[in-house]
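Following: one structure in structure tokens, then a few remarks.
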Amino acid sequence: MSLLEIFDPKAAPRPVGIDLGTTNSLVARVRDDKPQVIADCNGARLLPSAVHYDARGAVIVGTPALLLAAEHPRETIVSVKRFMGRGADDAETKRLGTYDFAAPTTPEEAKSVRFKIHDKVVSPVEVSAEILKALRLLAEDELRTVGGVVITVPAYFDDAQRQATKDAGRLAGLDVLRLLNEPTAAALAYGLEKQQNGLFAVYDLGGGTFDVTILLLDNGVFQVKSTGGDSALGGDDMDRALASRFLVEMGAPEGDHGLVRLALDAARQVKHGLTDHDEVEIELPIVGGATKKIVVTRADFDAMIAPIIARTGVACRRALRDAGVKPEELDGVILVGGSTRVPAVRAYVEKLFGKAPLGDINPDEVVALGAAIQADILAGENAHAGEVLLLDVLPLSLGIETMGGVAEKILPRNTTIPAGARQVFTTYADNQTGFDLHIVQGERELAADCRSLARFVLKGIPRMPAGLARLEVTFRVDADGLLSVTAKETTTGVEQHVEVVPSYGLSDEEVETMLLSALDNGEEDFEKRRLIEARVEAEQVLAATKKALAADADLLSDDEKARVSTAITDLEGAVAGDRTAAITTRTEALDDATHAWAGRRMDRAVARAIEGKNLSDVEKDVAEAAGVDAHVEAHASMTRPS
Ligand code: ADP
Ligand code: MG
């Protein structure tokens with residue numbers, strides 16, 4: 001008798017949580033109020049974060065990719081998380097450079113590393129999307145349809161790295177509900193929010209990275225007090241320490257990559273064995289063809305890794321200091337990351353913080369489990385929905401460049417998010433009609449030393465003596481740690497808003513193009529929405545221009561008038577069609593054609609103001625001339641022109 005598979009076609013999509021790790025990634029879901037990791041058909045719960053691109057165009061993810069890494073190091077990307085949101089000439093990129101990188105041909109391209117693999121160029125976002133896609137398929141095997149997902153990121157991830165992670169999720173066809181800091185996820189997995197109040201340290205030692213975070217739980221709300229760590233410290237260093245001893249025993253000549261690989265694999269096996277046993281025996285090949293048995297005791301191993309573990313202590317003490325917390329004030333310490341299985345690490349943590357750490361949830365699963373809980377809550381599946389509010393902190397200060405290239409911090413590092421802050425600036429030259437805004441992120445004093453996130457220009461400010469214009473800059477960071485900036489000249493109400501699409505190099509256009517080619521469904525809807533949005537914007541610009549022509553056509557030269565009218569006809573033609581890109585470029589062209597004129601209209605509006613018209617009319621005129629809505633209520637403190 002053949003079997004017929006039955007499933008409920010109305011089965012609701014289920015939310016999942018994903019730990020997108022440097023070394024390993026995993027997906028989890030909540031079932032019967034308990035979070036659990038989704039295993040693959042072989043029972044494997046961890047998916048190695050390795051992606052291999054083969055010569056015929058196939059993409060292989062996970063353990064099989066890892067097995068191909070030794071033979072095809074340039075075609076197999078491991079630890080892609082380290083490249084997320086990083087520029088082509090980033091120091092970190094250079095440090096990790098065993099790959100072939102595509103040389104950037106434009107400054108825009110230089111903002112993101114791109115791997116060159118068999119004539120193809122792939123970005124870290126695309127590589128990460130392959131890992132996420134593999135996890136999505138895994139989850140779909142079990143759940144049929146995956147609903148919203150929560151993806152975890154290190155607490156120190158900056159704007160560009162977070163945006164890149166979100167893009168990777170979208171590219172993998174996932175509905176990313178939000179990003180969640182890894183340590184916060186771990187605290188959720190332990191149900192610490194139920195205690196209502198407390199201070200916790202999260203100690204996360206993974207394959208190649210160490211992170212420590214101090215969390216404050218205040219009336220059921222988590223806040224990240226401080227973060228610290230070392231981006232080049234982890235279980236891999238333990239493997240290397242042990243492997244170098246094996247290579248000596250094997251009499252391996254220097255630079256034999258095959259033998260190094262073999263020694264590293266052996267070292268990892270022995271390391272894992274020593275977590276549960278006091279000694280482990282291993283048989284190693286020696287040069288000349290024979291083999292040799294050696295025994296490694298836990299005491300040997302502990303001595304070898306002591307310097308590695310000690311380095312985590314430096315970062316922990318610093319994080320405590322940053323948070324203004326003494327070890328004895330901590331209510332708990334959480335162990336995260338596969339390397340915290342090592343008994344010597346546990347002992348060290350206990351000594352360092354003066355209390356036994358929480359480690360009974362699998363340290364390499366705890367983050368994914370917490371993410372699943374959060375996804376469940378956000379998707380409204382959880383009975384306690386709404387009870388857990390998670391707050392994180394900014395990993396790096398956000399600010400803008402001011403006179404002389406100084407970076408003025410608007411939201412300092414370690415500010416709890418979501419957060420907002422406002423600062424007022426003024427002009428430094430007479431008759432300045434625009435402000436160049438350069439948004440930067442980092443701790444350095446000079447903007448040039450910080451990371452550049454975005455630039456934009458606030459135009460259409462009436463001519464005023466230096467120091468009179470008042471530019472109010474508002475920064476807002478949402479719960480995912482993404483920034484939006486509003487700049488407003490308060491004497492006129494001229495205002496501009498940008499969502500900071502961080503400059504890690506992928507333009508929205510590119511992300512969308514990739515989305516279109518990669519999404520299994522939803523392409524049509526997506527393209528439609530973009531087209532509608534472009535049309536709406538074009539129609540607004542057309543209407544504003546026509547209105548301006550009716551009022552102030554006399555301020556245009558004949559040449560300009562011809563240029564504006566051609567730009568209008570072109571744009572109207574594009575709006576009638578359905579090519580989004582054509583509409584966008586022609587909207588920009590019309591904007592350009594009217595730019596100088598807008599300045600003159602502004603001058604006229606100001607001149608009228610001085611003639612002593614009714615104040616609110618003037619404000620409206622001026623704001624309209626600048627092409628924005630009037631913000632009359634915001635002008636109460638403006639001095640009335642006499
Ligand atoms: P990441 O967060 O970087 O993706 P994981 O948390 O998955 O990494 O940790 C991976 C590291 O944990 C590897 O170095 C691995 O060797 C180590 N690890 C996993 N299991 C054990 C174990 N039983 N004993 C010692 N180390 C382990
Ligand atoms: Mg991890």
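As the structure lists them, so they are numbered: ligands from 1, and atoms in each ligand from 1. Please read all numbers here as calculations on a predicted model, not as lab measurements.
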Applying a heavy-atom cut-off of 4.0 Å, say which part of Asn24 lies close to ligand 1: side chain, backbone, both or neither.
both
Below 3.5 Å, N or O to N or O, backbone or side chain included: is there any such pair between Asp204 and ligand 1?
no
How far is atom 2 (O) of ligand 1 from its nearest protein heavy atom, and which residue and atom name does that atom have?
Gly206 CA, 4.2 Å
Plane angle bin for Tyr99 and Phe83 - parallel if under 30°, tilted between 30 and 60°, otherwise perpendicular:
perpendicular
Please name the residue in the list Thr275, Asn362, Asp276 that meets the side chain to side chain donor-acceptor pair (under 3.5 Å) test with Arg341.
Asn362
For atom 6 (O) of ligand 1, the protein heavy atom that lies nearest, with its residue and separation:
Gly338 N, 2.9 Å
Please identify which atoms of ligand 1 are closer than 4.0 Å to at least one heavy atom of Gly337.
6 (O)
Please identify which of these residues, Ser112, Ser123, Ser128, meets the side-chain contact (heavy atoms from CB on, under 4.5 Å) condition with Met84.
Ser128
With a 4.0 Å cut-off on heavy atoms, is Gly234 in contact with ligand 1?
no
Expected output: side-chain Ser244 to main-chain Ala241 donor-acceptor under 3.5 Å:
yes
Asp204 (side chain) donor-acceptor with Val212 (main chain) under 3.5 angstrom
no
Atoms of ligand 1 close to Thr23 [distance to a heavy atom under 4.0 angstrom, numbered from 1]
1 (P), 3 (O), 4 (O), 8 (O)
Indicate yes or no: does an N/O atom of His272 lie under 3.5 Å from an N/O atom of ligand 1?
yes
Quick check against the 3.5 Å criterion: does Glu329 have a side-chain atom that pairs as donor or acceptor with the backbone of Lys326?
yes
Could you tell me which atoms of ligand 1, counted from 1 in the order shown, lie closer than 4.0 angstrom to a heavy atom of Gly235?
14 (O)
So between Arg341, Glu365, Lys271, Arg82, whose heavy atom ends up nearest atom 26 (N) of ligand 1?
Lys271
Matching residue for Val153 among Asp19, Thr165, Leu20, Asp158 - test: side-chain contact (heavy atoms from CB on, under 4.5 Å):
Thr165
Ring centroid separation for Phe210 and Tyr203, is it under 6.0 angstrom?
yes
Got the closest protein heavy atom to atom 8 (O) of ligand 1, with its distance?
Gly207 N, 3.3 Å
Nearest protein heavy-atom contact for atom 24 (N) of ligand 1: which residue, which atom, what distance?
Thr275 OG1, 2.7 Å
Check Arg245 with Asp300, please: is the shortest side-chain N to carboxylate O separation under 4.0 Å?
yes
List every atom of ligand 1 that sits less than 4.0 Å from any heavy atom of Gly21, numbering the atoms from 1 in the order shown and giving each element.
4 (O)
